[in-house]
Amino acid sequence: MIIDLRSDTVTKPSKGMLDAMMSAEVGDDVFREDPTMNALEERIATMFGKEKALFFPSGSMANQVAIKLHTQPGDQVICDKYAHIYNYEVGGVAFHSGATCKLLDGHRGMFTARQVEEAISPSAYYYSQSRLVEVENTTNKGGGACWDFSEIEKIKTVCKTHDLGFHLDGARLWNAMVAKNETPLQYGAAFDSISVCLSKGLGCPVGSVLLGDEILMEKSLSLRKLFGGNMRQVGYLAAAGLYALDHQVERLAEDHKKAKEIGAVLAQLSFIKKVEPIETNIIIFELNDDVDEAHFLNQLLEKNIHIIGMGSGKLRMVTHLDYTDQMHDKLLNELGSI
Ligand SMILES: *Cc1c(COP(=O)(O)O)cnc(C)c1O
């Protein structure tokens with residue numbers, strides 16, 4: 001039994017999901033004629049109260065297209081120093097959009113409306129123009145932390161006042177909504193564009209969805225083509241998404257519960273310096289200074305437990321759909337015996 005907690009992306013489609021995929025009705029999505037994809041996009045758009053949704057092969061592509069929609073070369077995107085768009089998308093903000101990031105020094109990947117206000121460039125002609133504010137919920141590098149929705153609303157007001165676009169990287173938004181008992185409609189009303197991932201907590205093999213109003217999404221359709229992301233009989237993947245929305249959203253609470261239980265055990269171990277607060281399915285912790293990280297990771301590997309280092313002494317575990325009760329019991333026992 002291999003316990004893989006490196007990410008919630010390691011899940012494989014279940015029998016139920018595979019059956020749904022195999023029986024999907026499909027068509028050519030470049031002609032917008034795939035009925036299952038059309039159904040998925042309509043369903044997600046309606047959930048969020050947005051006019052249109054568009055499926056993407058990856059969350060990075062959905063985010064990068066969104067940034068391109070909101071900016072011109074030379075413009076500035078305001079985001080947290082931990083932002084996925086800045087750290088883990090290969091400098092795509094510069095490559096695809098010719099834009100720069102103004103990094104905010106937030107807390108666990110989250111910042112305040114006031115920080116945004118202070119970061120907006122003055123209007124003199126020689127400044128890079130602030131055009132877009134980007135929020136990530138839950139925060140990945142911030143350890144699965146969830147935003148306080150009232151702060152998001154304050155930032156939205158700042159964006160309106162200063163005519164800035166407002167994009168949400170919601171790769172793990174499902175986790176945030178389950179943890180905080182929030183609704184997609186709330187988020188749809190707050191943001192101009194939202195990307196959500198189907199292949200993390202929801203357990204699909206592939207896919208993210210970008211949401212926005214009609215005009216924005218019409219442009220995103222041609223940008224997706226430009227980025228090489230148009231696909232043909234994509235209903236097989238859409239069927240996985242529809243299945244996940246029916247069966248695999250509420251159960252995220254289970255992943256959160258297990259993550260908190262792992263955190264409680266880690267906090268008891270003498271060689272662990274710090275466990276960051278756990279709100280969803282991500283656990284970030286640090287070893288004592290005198291403990292060798294490679295040695296610790298090796299000890300886990302010998303017990304068939306895979307976790308990931310994030311640099312600067314931080315280690316990460318992520319619970320997910322394929323992390324079973326049996327694995328959970330084994331992990332808690334093994335951790336106690338190190
Ligand atoms: C995983 C992730 C993405 C997108 O990842 P892809 O691997 O490109 O699908 C975007 N933002 C956050 C916060 C993520 O965790």
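All values below were derived from every heavy atom in this structure, side-chain atoms included, with hydrogens, water molecules and symmetry-related copies excluded.
In this structure, the salt bridge (charged side-chain N to carboxylate O under 4.0 Å, His left out) partners of Asp28, at least two apart in sequence or on a different chain, are Arg232. Among residues two or more places apart in sequence or in another chain, the ring pair (Phe, Tyr, Trp, His ring centres under 6.0 Å) test is passed with Phe191 by Phe166. Listed by chain and residue number, nothing satisfies the ring pair (Phe, Tyr, Trp, His ring centres under 6.0 Å) test with Tyr86 (two or more places apart in sequence, or in another chain).
Formation of a donor-acceptor pair under 3.5 Å by the Gln115 side chain with backbone atoms of Asp105 is found in this model. Asn87 places a side-chain N or O within donor-acceptor distance of the main-chain N or O of Ala83, the cut-off being under 3.5 Å. Under the 3.5 Å distance criterion, the side-chain polar atoms of Trp174 are matched with a main-chain donor or acceptor of Cys197. Using a distance-only test at 3.5 Å, with no hydrogens or angles considered, a donor-acceptor pair links the side chain of Glu136 to the main chain of His84. In this structure, the side chain of Gln64 engages the main chain of Val93 through a donor-acceptor pair within 3.5 Å. The backbone N or O of Leu242 lies less than 3.5 Å from no partner atom in the side chain of His247, so there is not a single donor-acceptor pair. A distance-only check finds no donor-acceptor pair linking the side chain of Asp29 to the backbone of Arg32 [under 3.5 Å]. In terms of modelled atom types and a separation under 3.5 Å, the side chain of Asp34 and the main chain of Gly27 share a donor-acceptor contact. In this structure, Thr139 contributes its side chain and Lys141 its backbone to no donor-acceptor pair below 3.5 Å. Looking only at distances, a side-chain donor or acceptor of Gln248 sits under 3.5 Å from a matching main-chain atom of Leu202.
Remark: the Ser208 side chain and the Ser195 side chain contain no N/O donor-acceptor pair separated by less than 3.5 Å. With hydrogens and angles left out, the side-chain atoms of Asn38 and Arg43 include no donor and acceptor closer than 3.5 Å. Looking at Ser130 and Gln76, their side chains do bring a donor and an acceptor atom within 3.5 Å of each other. Of the N and O atoms on the side chains of Glu89 and Asn63, at least one donor lies less than 3.5 Å from an acceptor on the other residue. Using modelled atom types, one finds no donor on one side chain facing an acceptor on the other under 3.5 Å when comparing His320 with Asp255.
Electrostatic pairing of Asp192 and Lys50 does not count as a salt bridge here, judged by no charged N lying under 4.0 Å from a carboxylate O. With salt bridges taken as basic N to acidic carboxylate O contacts below 4.0 Å, one links Arg172 and Asp8. Contact check on Glu261 versus Lys258 returns no salt bridge, with no Lys/Arg side-chain nitrogen under 4.0 Å from an Asp/Glu carboxylate oxygen. The existence of a salt bridge linking Asp80 and Lys102 is excluded, since no basic side-chain nitrogen approaches an acidic carboxylate oxygen closer than 4.0 Å.
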When you look at Trp147 and Tyr187, which way does the ring pair (Phe, Tyr, Trp, His ring centres under 6.0 Å) test go after all the steps?
CA-CA 12 Å; Trp147 281 72; Tyr187 282 94; 10.0 Å; no
Using the rule given for side chain to side chain contact (heavy atoms under 4.5 Å, CB included), can you reason through Phe285 versus Lys274, listing the C-alpha separation, both sets of side-chain angles and the distance that settles it, and then say yes or no?
CA-CA 6 Å; Phe285 63 100; Lys274 184 182 167 205; over 6 Å; no
For a side chain to side chain contact (heavy atoms under 4.5 Å, CB included) check, start with the C-alpha distance between His295 and Val291, then their side-chain angles and the critical distance, and finish with the verdict.
CA-CA 8 Å; His295 179 66; Val291 181; over 6 Å; no
Assess the residue pair Phe271 and Ile338 against the criterion (side chain to side chain contact (heavy atoms under 4.5 Å, CB included)); give the C-alpha distance rounded to whole Å, side-chain angles, the decisive distance to 0.1 Å, and a yes or no.
CA-CA 10 Å; Phe271 55 90; Ile338 290 178; 3.8 Å; yes
Derivation and outcome, side chain to side chain contact (heavy atoms under 4.5 Å, CB included), residues Lys52 and Glu41:
CA-CA 7 Å; Lys52 284 261 169 349; Glu41 289 176 349; over 6 Å; no
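Counting all heavy atoms, side chain and backbone alike, Ser270 lies closest to Asn288 at O-ND2, 2.9 Å. Among all heavy-atom pairs drawn from Leu104 and Ala119, the shortest one is CD2-CB, 3.5 Å. Arg108 and Gly143 get closest at one heavy-atom pair: NH2-O, 3.6 Å. Of all heavy-atom pairs between Asn175 and His256, the closest is ND2-NE2, 3.0 Å. Contact detail for Met37 and Phe55: the closest heavy-atom pair is CE-CG, 3.3 Å. Gly144 approaches Glu279 most closely through the heavy-atom pair O-CB, 3.9 Å.
Tested against Ser193 for a side chain to side chain contact (heavy atoms under 4.5 Å, CB included), the candidates Leu216, Asp213, Asp169 yield a single pass: Leu216. Applying side chain to side chain contact (heavy atoms under 4.5 Å, CB included) to Phe48 and the options Thr183, Val209, Leu185, Val196 leaves one that passes, Val196.
Around CZ of Phe95, the count of heavy atoms belonging to other residues, nucleotides or ligands within 6.0 Å does not exceed 12. Other residues, nucleotides and ligands contribute only 12 or fewer heavy atoms inside 6.0 Å of the CG atom of Asp163. Counting heavy-atom neighbours within 6.0 Å of Lys257 NZ, excluding the residue itself, gives a total of 12 or less. By the neighbour-count criterion of 12 heavy atoms within 6.0 Å, atom CD of Glu293 is densely surrounded, having more than that number from other residues, nucleotides or ligands. Surrounding CD of Gln299 are more than 12 heavy atoms belonging to other residues, nucleotides or ligands, all under 6.0 Å away. Within a 6.0 Å radius of CD in Glu33, other residues, nucleotides and ligands contribute more than 12 heavy atoms. Residue Gln326 qualifies as open at atom CD: its count of foreign heavy atoms under 6.0 Å is 12 or below. The number of heavy atoms from other shown groups lying within 6.0 Å of CG (Leu301) is above 12.
Taking 4.5 Å as the limit, every side-chain heavy atom of His306 sits out of range of all side-chain heavy atoms of Leu5. Within the 4.5 Å cutoff, the side chain of Phe56 has heavy atoms near those of the Leu54 side chain. Side-chain contact between Leu315 and Ile284 is absent, with no heavy atoms from C-beta onward closer than 4.5 Å. At least one side-chain heavy atom of Met327 sits less than 4.5 Å from a side-chain heavy atom of Met1. Side-chain contact between Val318 and Ile283 is absent, with no heavy atoms from C-beta onward closer than 4.5 Å.
The hydrophobic clustering, which links ILVMFWY residues whose side-chain heavy atoms are closer than 4.5 Å, places Val135 and Leu211 together. Following chains of ILVMFWY side-chain contacts shorter than 4.5 Å, one can reach Leu226 starting from Met61, so the two form part of one hydrophobic cluster. The hydrophobic cluster containing Leu297 also contains Val275, counting ILVMFWY residues as joined when their side-chain heavy atoms lie under 4.5 angstrom apart, directly or transitively.
In this pair, His167 and His70 present their aromatic rings tilted. The plane angle is within the 30 to 60° band.
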